[in-house]
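What follows is one structure encoded as C-alpha cells, with my remarks underneath.
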Amino acid sequence: MTATYEVRGQVAVITLSNPPVNGLGFETRQATAAGINRAESDAAVTAIVITGAGGAFSGGADIKEFGSPKALAEPNLLSLIQVVESCSKPVVAAIHSVCMGGGLELALGCHYRIAAKGTKVALPEVKLGLLPGAGGTQRLPRVLGAEVALNMIVSGEPVLSEMLAQVPGQKLFDRLADADLMEAALAFAAEVADKRPLPRVRDLKARCANPEAFFQFARNMVAGMSKNFPAPLRCLEAVAASVTMKFDDGMKAEREGFAALMVTPESGALRHAFFAERAASKISDVPAGTPVRNIAQVAVIGAGTMGGGISMNFLNAGLPVVMLETKQEALDRGVATIRKNYEAQVKKGKLKQDKYDARMALLTTTLNYADIGHADLVIEAVFEEIGVKQAVFTQLDAVMKPGAILASNTSTLDLNAIANFTKRPQDVVGMHFFSPANVMRLLEVVRGAATAKDVLATVMAVAKKIKKTAVVSGVCDGFIGNRMIEQYGRQGGFLLDEGCTPAQVDRAAEKFGFAMGPFRMGDLAGNDIGWAIRKRRYSEKPGLRYSKTADLLCELGRFGQKTGAGWYDYLPGKRDAIPSAVVTEMLDKHRAALGITPRKISDEEIVQRLVYSLVNEGAHLLEEGIAQRASDIDMVYLSGYGFPLWRGGPMCYADQVGLFNVVQAMNKFAKNPLDDAEFWKPAPLLARLVAEGKTFS
Ligand code: NAI
C-alpha cells in the first residue's frame with residue numbers, strides 16, 4: 001500500500017506512504033485518487049485530510065520512476081491534482097518535514113493547507129534543468145505573490161514554513177500548527193467541513209505590483225546568473241504567465257515550457273549528474289547494509305598542504321583529529337594554516353567564533369606514534385615517495401589497534417604495494433582527496449586488491465559524513481581522475497607544439513565551460529608537480545610521444561603563480577594571467593628546433609582533442625574495471641576537475657555528441673603526424689559501443 005485510508009470521526013485521512021520521502025509514484029497517485037473517490041462517496045465523511053507518513057509530507061516525483069512511462073501513467077500528477085481540487089468535500093493538506101516539488105504542487109491543489117513549523121518547502125525542479133510541471137508555477141505565485149514565488153522557483157532552494165507564513169498577504173498556509181499537526185488538521189477539517197464555496201488556489205490572483213517592470217528587471221538578473229542553463233529563464237516566463245494570463249492559459253504555458261526543457265541537453269546533463277551522484281555511492285559487490293566500523297577518532301600523518309585540509313574535514317564534522325609529524329615546526333605550521341583558514345571564514349561571517357573554538361578544541365598534535373594507536377581511522381598524507389610511505393605504514397602497522405582503517409592519500413603510487421608494507425592489507429584503502437582538501441567535494445576511494453568490503457563500506461559512510469562525493473577507483477597510476485587528465489595535458493602540449501598559444505587553448509576550454517583551461521590550471525597547481533610526475537612516468541614508458549614544452553617551462557624556473565611566472569606572467573600578489581613574451585619566445589624556438597611550421601587551430605579542434613582524450617582514456621578505465629560505471633567518471637570530473645555541470649561530465653557529453661561522431665574525430669586526429677596515433681585508437685569498449693549503436697549510459 002503506498003497511501004493508506006482511514007476515517008477518524010467524520011474526516012477521511014489519506015496518508016501518503018511511499019518511503020523514504022513519499023515520492024508520488026504511480027501506485028501512490030492511484031491510491032490517493034482512490035482515497036478521494038472513496039471519501040466522496042461515503043456520506044459519513046464530511047472532509048478529507050492528506051498527509052505523509054514518516055519523515056516527509058512528500059518529496060515530489062518518485063525518482064525511481066524518472067523517465068519511465070510509469071511517471072506519466074494516469075493518474076499522472078496533473079490529473080491527481082485535478083481530482084483533489086474538484087472534490088466536492090474540503091481537502092486539507094497536513095504538511096510537515098519535507099514538502100517539495102510535486103508534493104508542494106499536490107498541496108496547492110488542496111482547498112486548505114495546515115503546516116508544521118520547520119517544514120522545508122521548495123520547488124527544486126530547476127536544479128534538474130526543468131520547471132515545476134504540475135501547476136507549481138501557476139499556483140505558488142497565487143498564494144505567495146509573484147516575487148517570493150519567483151525566487152523560490154528560480155533558485156529551487158527550500159524555505160522554512162515559518163518564514164513563508166510571514167510573507168504579507170500569504171495564502172499558502174491557512175494555519176501553522178504549533179504542537180500535534182494531525183490533531184490540528186483534524187480539528188481544522190471539522191471546522192471547515194460545511195464551508196462553501198470551497199476555496200481553490202486557481203481562483204486567486206497572482207499579486208505583482210508592477211508586472212512589466214518587475215519581470216523585465218528579473219529577466220535581466222536571471223539571464224546574467226544562468227548563462228548556460230535555459231531552465232531559470234523558462235521558470236521566470238512561466239511565473240510571468242501566472243500574472244498575465246488566465247489560469248488555464250498559464251497552465252498551458254507551463255506545460256510548453258516543461259516539454260521544451262525536458263529535451264534540452266542541459267536538463268539531460270543535470271538529471272544524469274543527479275543519478276550519477278546516487279549511483280557513485282553504491283559498490284556492486286558491497287551490498288547496502290554491509291556492517292561498518294565505528295569511526296570516532298581520526299589520525300592524520302603529515303601536516304602539510306593536504307594533511308591540514310584533510311583534518312579540517314573531520315573537525316568540521318565534529319570528529320577529534322590528532323595530527324602527527326616528524327618535527328614540531330611542521331606541526332606548528334600545519335596548525336597555523338588551519339587557524340588561518342578558519343579565521344578567514346570567521347571574518348567573512350561564514351563561521352561563528354564559538355564553532356571555530358569548538359573545532360580547534362578537537363585538534364591535537366603529536367610527534368609520537370604511540371599517541372595515535374587508538375584512532376579508528378588514520379590517513380597518511382606525507383611526501384609522495386614510496387620509501388617514505390613504507391616507513392610510515394610499517395610504523396602504523398606496529399602501533400594501530402586491530403581493526404583500525406589505514407588510509408593513504410597518495411595520488412600516484414601503487415596502493416597495493418603500500419598495503420603490503422603492512423601485515424593487514426585488508427585494512428588498507430586509498431582516500432584520495434583533492435586540493436584544497438577542505439573545499440573540493442571529490443574523494444576517490446581507492447580499492448586495493450585486498451581491501452575488505454567493510455572497510456570500503458565504512459569509508460563510503462565516512463565520506464558522506466564529511467560531505468564528500470566519493471567515487472570508487474581501482475588501483476592504477478593516477479586512478480580515475482589523474483590518469484585521464486594526463487591525456488588531456490598531453491593534448492594541451494601537442495596543441496602548443498603545433499601552433500597554439502596557452503591563452504588560446506585556455507580560452508577555448510573555458511568557452512566550452514571548464515572552470516579553468518589546462519595552462520591556467522597548471523600555473524595554479526604548480527607546474528613542478530607535473531614535472532616530477534612526468535620524469536617518473538615517462539622514464540617508465542620509453543618511446544611515448546609527448547610535448548617537451550612543459551619541461552622547457554620548468555627548466556626556466558616558471559613553476560606558476562607561486563614563482564610569479566608560469567605559462568603566464570603574474571604581477572606580485574595578483575592572480576591575473578598575463579600572456580608572456582618569454583613563453584611565446586620559448587615556444588617559437590621550440591617549434592623552430594623541431595622544424596614545425598605553426599598552423600592555426602580552431603577552437604572546435606582544441607576542445608575536441610582535450611575532451612575526447614578524456615573520453616577515450618575513460619573508456620579504457622571502464623574496460624579495465626578501474627571505474628565501475630561511466631557515470632562514476634562523470635562524477636569525478638564534475639566534482640573534482642571543474643568540468644561544466646550542464647554538460648554532464650565527459651562520458652555523458654560524448655553520449656550526447658554521439659559516440660560515432662567522437663570516433664570519427666578521433667580517427668582524424670590519429671592521422672596528425674604531430675599527435676599520438678597510438679593513443680587515438682579508440683578504446684575497444686568505445687569501438688564496440690559504436691559498432692553496436694550503443695552509448696556509455
Ligand atoms: P606537503 O609537502 O605539503 O606535506 C607533506 C607533509 O608530510 C610535510 O609537512 C612533511 O613534514 C610531512 N612528512 C614527511 N615525511 C613524514 C613522515 N615520515 N612522518 C610524518 N610526516 C611526514 O605535501 P602534500 O601536497 O600535502 O602531499 C601529501 C600527499 O598527498 C602526497 O602523497 C601527495 O601525492 C598527495 N596529494 C597531494 C595533492 C596536492 O594537490 N598537493 C592532491 C592529492 C594528493
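Start at 1 and go down the list; that is how both ligands and their atoms are numbered.
- Taking each of T337, N409, T326 in turn, the one with a heavy atom nearest to atom 30 (O) of ligand 1 proves to be N409.
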Next on the checklist: Go through it in stages, so that I can follow the logic: the residues are Y653 and D634, the test is side chain to side chain donor-acceptor pair (under 3.5 Å), and I'd like the CA-CA distance, side-chain angles, deciding distance and then a yes or no.
Outcome noted: CA-CA 9 Å; Y653 177 71; D634 288 333; over 6 Å; no

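- Using cut-offs of 30° and 60° for the angle between ring planes, the Y546 and Y538 rings count as tilted.
- At the shortest separation from atom 40 (O) of ligand 1 among protein heavy atoms lies S435 CB, 3.2 Å.
- Checking Q491, R545, R490 one by one against D676, the side chain to side chain donor-acceptor pair (under 3.5 Å) holds for a single residue, R490.
- Using a 4.0 Å cut-off to heavy atoms of T410, the atoms of ligand 1 that qualify are 32 (O).
- Nearest protein heavy-atom neighbour of atom 18 (N) of ligand 1: V392 CG2, 3.6 Å.
- Here E624 pairs with R483 in a salt bridge; the nearest charged N to carboxylate O distance falls below 4.0 Å.
- Of the possible donor and acceptor atoms, one in the side chain of D376 sits under 3.5 Å from a partner among the backbone N and O of A296.
- Given atom 7 (O) of ligand 1, the protein heavy atom at minimum distance is V382 CA, 3.5 Å.
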All N/O donor-acceptor pairs, side-chain side in residues 327-334, below 3.5 Å, sequence neighbours left out:
unit_1	atom_1	unit_2	atom_2	d
Q328	NE2	D332	OD1	2.9

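- When only interatomic distances are considered, the shortest N/O to N/O separation between V388 and ligand 1 does not fall below 3.5 Å.
- Protein heavy atom nearest atom 2 (O) of ligand 1, with residue, atom name and distance: F383 CE2, 3.4 Å.
- For the ligand labelled ligand 1, residue A391 lies outside the 4.0 Å heavy-atom shell.
- Using a 30° and 60° split on the angle between ring planes, F643 and Y637 fall in the perpendicular class, above 60°.
- At least one N/O-N/O distance between E384 and ligand 1 falls below 3.5 Å.
- Under a 4.0 angstrom heavy-atom cut-off, H432 registers as being in contact with ligand 1.
- Summary of contacts: the protein heavy atom closest to atom 37 (C) of ligand 1 is M306 CG, 3.3 Å.
- Looking at ligand 1, you'll find an N or O of T305 within less than 3.5 Å of one of its N or O atoms.
- Residue contacts with ligand 1 include F433, since one or more of its heavy atoms lies under 4.0 Å from the ligand.
- Of the protein's non-hydrogen atoms, G304 CA, 3.3 Å is the one closest to atom 4 (O) of ligand 1.
- Each of the atoms 20 (C) of ligand 1 lies under 4.0 Å from some heavy atom of I301.
- In terms of protein heavy atoms, atom 34 (O) of ligand 1 is closest to S411 OG, 2.7 Å.
- For the pair E325 and ligand 1, the shortest N or O to N or O distance falls below 3.5 Å.
- Distance screen at 4.0 Å: atom 23 (O) of ligand 1 has no protein heavy-atom neighbour inside the cut-off.
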Item to check | Verdict with reasoning, R536 to E540, per salt bridge (Lys or Arg N to Asp or Glu O under 4.0 Å) | outcome: CA-CA 7 Å; R536 175 179 64 75; E540 289 166 8; 3.4 Å; yes

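- By the 6.0 Å and 45° rule, R278 stacks over the aromatic ring of F274.
- Side chain of Q504 to main chain of I601: a donor-acceptor pair is present (N/O by atom type, distance under 3.5 Å, no hydrogens or angles).
- Proximity of the aromatic rings of F679 and Y612 is defined here by a centroid distance below 6.0 angstrom, and this criterion is not met.
- The protein atom (non-hydrogen) at minimum distance from atom 5 (C) of ligand 1 is A381 O, 3.7 Å.
- Residues in residues 382-403 take part in no ring pair (Phe, Tyr, Trp, His ring centres under 6.0 Å) pair, two or more places apart or across chains.
- Inclusion of K389 in the set of residues having an N or O under 3.5 Å from an N or O of ligand 1 is warranted.
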